[in-house]
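Residue numbering restarts at 1 for every chain, and letters A, B, ... go by the order of the sequence lines.
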Number of protein chains: 2
Amino acid sequence: MREGPDIARIASLVGDPARANMLNALMGGTALTASELALEAGVSLPTASSHLSKLMEGGLLTLASQGRHRYYGLAGPQVAGMIEAITGVAEAVGPKRVRPGPRDGAMRVARVCYDHLAGEQAVAMLDRLVARDILLRNENEIRLGPSATSHFSAIGIDVDAKPRRPVCRACLDWSVRRSHLAGTLGAAILDKILAEKWARREKDSRAVVFSPPGKQAFERVFLM
Amino acid sequence: MREGPDIARIASLVGDPARANMLNALMGGTALTASELALEAGVSLPTASSHLSKLMEGGLLTLASQGRHRYYGLAGPQVAGMIEAITGVAEAVGPKRVRPGPRDGAMRVARVCYDHLAGEQAVAMLDRLVARDILLRNENEIRLGPSATSHFSAIGIDVDAKPRRPVCRACLDWSVRRSHLAGTLGAAILDKILAEKWARREKDSRAVVFSPPGKQAFERVFLM
DNA sequence: AGAATGCTTCGATGGAGACCTAACTATGCG
DNA sequence: CGCATAGTTAGGTCTCCATCGAAGCATTCT
């Protein structure tokens with residue numbers, strides 16, 4: 001029997017799949033709301049809330065209340081370092097990813113992330129929008145460029161509406177490890193993709209599958 | 001829902017108090033038998049055996065059978081680093097130990113971290129080696145300086161051997177919150193300290209206690 | 001004020017796993 | 001061989017906690 005810092009307590013906090021998923025999502029560095037984290041973890045809102053209060057009590061998270069939103073973030077670099085260390089071990093001893101199934105491949109290409117598009121397609125889209133100066137990017141901040149209004153209104157998206165949520169937000173993509181576009185604009189684009197039937201959502205999955213003509217249309221609008 | 005390395009699996013292995021105690025005991029660097037670990041963990045032998053097979057299956061331990069004894073040890077430096085990282089967080093957020101006992105004081109000054117020295121002494125040593133340009137440090141990376149070979153060979157340590165493990169590595173010290181020296185060089189230095197009898201290991205603890213003349217010798221060689 | 005949204009608390013349920021005793025296998029010793 | 005020590009396996013109990021639906025606050029929008 002030993003004493004010393006209670007390492008089991010901390011480790012068991014990370015040891016639950018739902019909480020691990022949440023922490024993983026927060027490794028992107030941006031704080032997320034309880035709903036977003038519930039989606040990431042694949043659990044209901046009450047369950048997520050319970051997990052979050054445990055993580056808070058364990059000192060692994062910080063909380064920033066803004067109006068009716070509650071943004072949870074990692075408590076600090078030390079916590080992030082710990083997650084990295086655990087991830088490193090998991091990667092090393094890991095059950096050597098069996099053959100990635102077809103779903104995994106589709107998920108990698110394009111999937112829904114809360115309310116916007118993620119995956120290779122989404123990362124490529126953000127890159128292209130920035131390269132064309134339609135969006136301006138500075139580290140993790142994304143703003144509208146001068147031609148944004150005209151460009152997006154041409155395809156039926158109004159970026160000048162003043163919603164509560166930020167129009168643009170960077171969201172770290174776990175498969176590509178680079179950012180894609182979130183925020184209301186990201187959500188509006190996903191809406192358009194689905195409304196135009198360029199792609200459909202895989203049932204019971206976050207994967208988004210483009211039809212061949214839909215893919216062409218998407219690339220013509222966003223990747224040219 | 002995410003995928004990626006199964007961090008929850010690894011963390012939950014550490015997240016059980018009995019297993020955490022076992023891992024903690026193994027942080028001393030010496031392999032222990034199942035009975036010894038059962039004692040450390042405060043559980044019965046069958047329970048310990050069950051835990052050990054889980055840790056083995058999780059890839060956190062190595063096993064060396066010798067006759068009817070089975071010696072369990074940490075699987076490697078990466079696992080040791082993970083435990084240290086978790087310990088650091090637990091220490092930081094932990095239920096602020098009421099009053100540090102005498103043994104805690106000794107642990108703070110100098111202790112074994114898997115195969116190298118940790119604690120105030122170790123942090124001071126790395127600081128000094130960097131200040132003298134014997135080691136070159138850049139963030140978390142540590143390299144040998146130009147005079148390293150001659151300096152260490154003068155005290156009987158060969159730094160030019162090419163092992164698989166890195167010669168130098170930074171390891172975050174949970175008590176001081178700054179880095180100390182790990183890697184094969186860190187291990188060799190600990191070996192020398194014990195071989196020269198500058199210090200002895202506290203029984204059943206990771207603490208390392210310097211004798212007065214030993215402390216002088218150590219400081220002459222590494223802290224001047 | 002009333003409706004809508006974001007989140008937490010409550011209460012009940014089910015399943016996972018930590019634990020021990022007892023029985024079994026393996027190695028070493030006289 | 002027969003006994004002792006080291007360790008694992010089997011079987012069964014019990015506690016903990018992850019989970020969800022429903023209901024309750026809190027904040028903001030209209």
- Item | Partners meeting side chain to side chain donor-acceptor pair (under 3.5 Å) with Thr47(A) (sequence neighbours left out) | Ser44(A)
- Message: Let's go through Arg206(B) and Glu84(B) carefully: what are the C-alpha distance in whole Å and the side-chain angles of both, what is the deciding distance for salt bridge (Lys or Arg N to Asp or Glu O under 4.0 Å) to 0.1 Å, and is it a yes or a no?
- Response: CA-CA 13 Å; Arg206(B) 287 168 57 193; Glu84(B) 275 283 321; 3.1 Å; yes
Distances under 3.5 Å only, N/O to N/O: pair up the protein atoms with those of nucleotides 13-17 of chain D.
none

What pairs of nitrogen or oxygen atoms, one from the protein and one from nucleotides 4-6 of chain D, lie under 3.5 Å apart?
{"from": "dT5(D)", "atom 1": "O2", "to": "Arg68(B)", "atom 2": "NH1", "distance (Å)": "3.0"}
{"from": "dA6(D)", "atom 1": "O3'", "to": "Arg68(B)", "atom 2": "O", "distance (Å)": "3.3"}

- Note on the structure: The salt bridge (Lys or Arg N to Asp or Glu O under 4.0 Å) partners of Arg200(B) (sequence neighbours excluded) come to Glu202(B)
- Residues at least two apart in sequence or cross-chain that pass side chain to side chain contact (heavy atoms under 4.5 Å, CB included) with Ala38(A), listed by chain then number, are Ala48(A)
- Query: Once you round it to whole Å, what is the distance between C1' of dG6(C) and CG of Leu32(A)?
  - Reply: 15 Å
- Task: Only counting residues at least two apart or in another chain, list the ones meeting side chain to side chain contact (heavy atoms under 4.5 Å, CB included) with Ser53(A).
- Result: none
- Query: Partners of Ala75(B) by side chain to side chain contact (heavy atoms under 4.5 Å, CB included), sequence neighbours excluded?
  - Reply: Thr62(B), Val79(B)
- Protein-nucleotide distance (Leu55(A), atom CG; dA18(D), atom P), rounded to Å: 10 Å
- Message: What is the separation between atom CG on Leu52(A) and atom P on dT19(D), rounded to the nearest whole Å?
- Response: 12 Å
- Item | Length of the line joining Asn21(B):CG and dC19(C):P, which is rounded to integer Å | 10 Å
- Message: So Ala48(A), base contact, sugar-phosphate only, or nothing? Heavy-atom distance under 4.0 Å.
- Response: nothing
- Output yes when at least one side-chain N/O atom of Tyr71(A) is less than 4.0 Å from OP1 or OP2 of dG6(C), else no. no
- Judged by atom type as modelled, is there a donor-acceptor pair below 3.5 Å linking the side chain of Arg19(A) to the main-chain atoms of His51(A)? no
- Task: Verify the contact: side-chain N or O of Thr47(B) to OP1 or OP2 of dA18(C), cut-off strictly under 4.0 Å; return yes or no.
- Result: no
- Contacts of type side chain to side chain contact (heavy atoms under 4.5 Å, CB included), residue Ile155(A), not counting sequence neighbours: Phe152(A), Ile157(A), Lys192(A), Val221(A), Phe222(A)
- Ser50(A): what forms a side chain to side chain donor-acceptor pair (under 3.5 Å) with it, not counting sequence neighbours? none
- Leu61(A) CG - dT8(C) C1' separation (whole Å): 16 Å
- For atom CG of Leu37(A) and atom C1' of dG6(C), their distance in whole Å: 13 Å
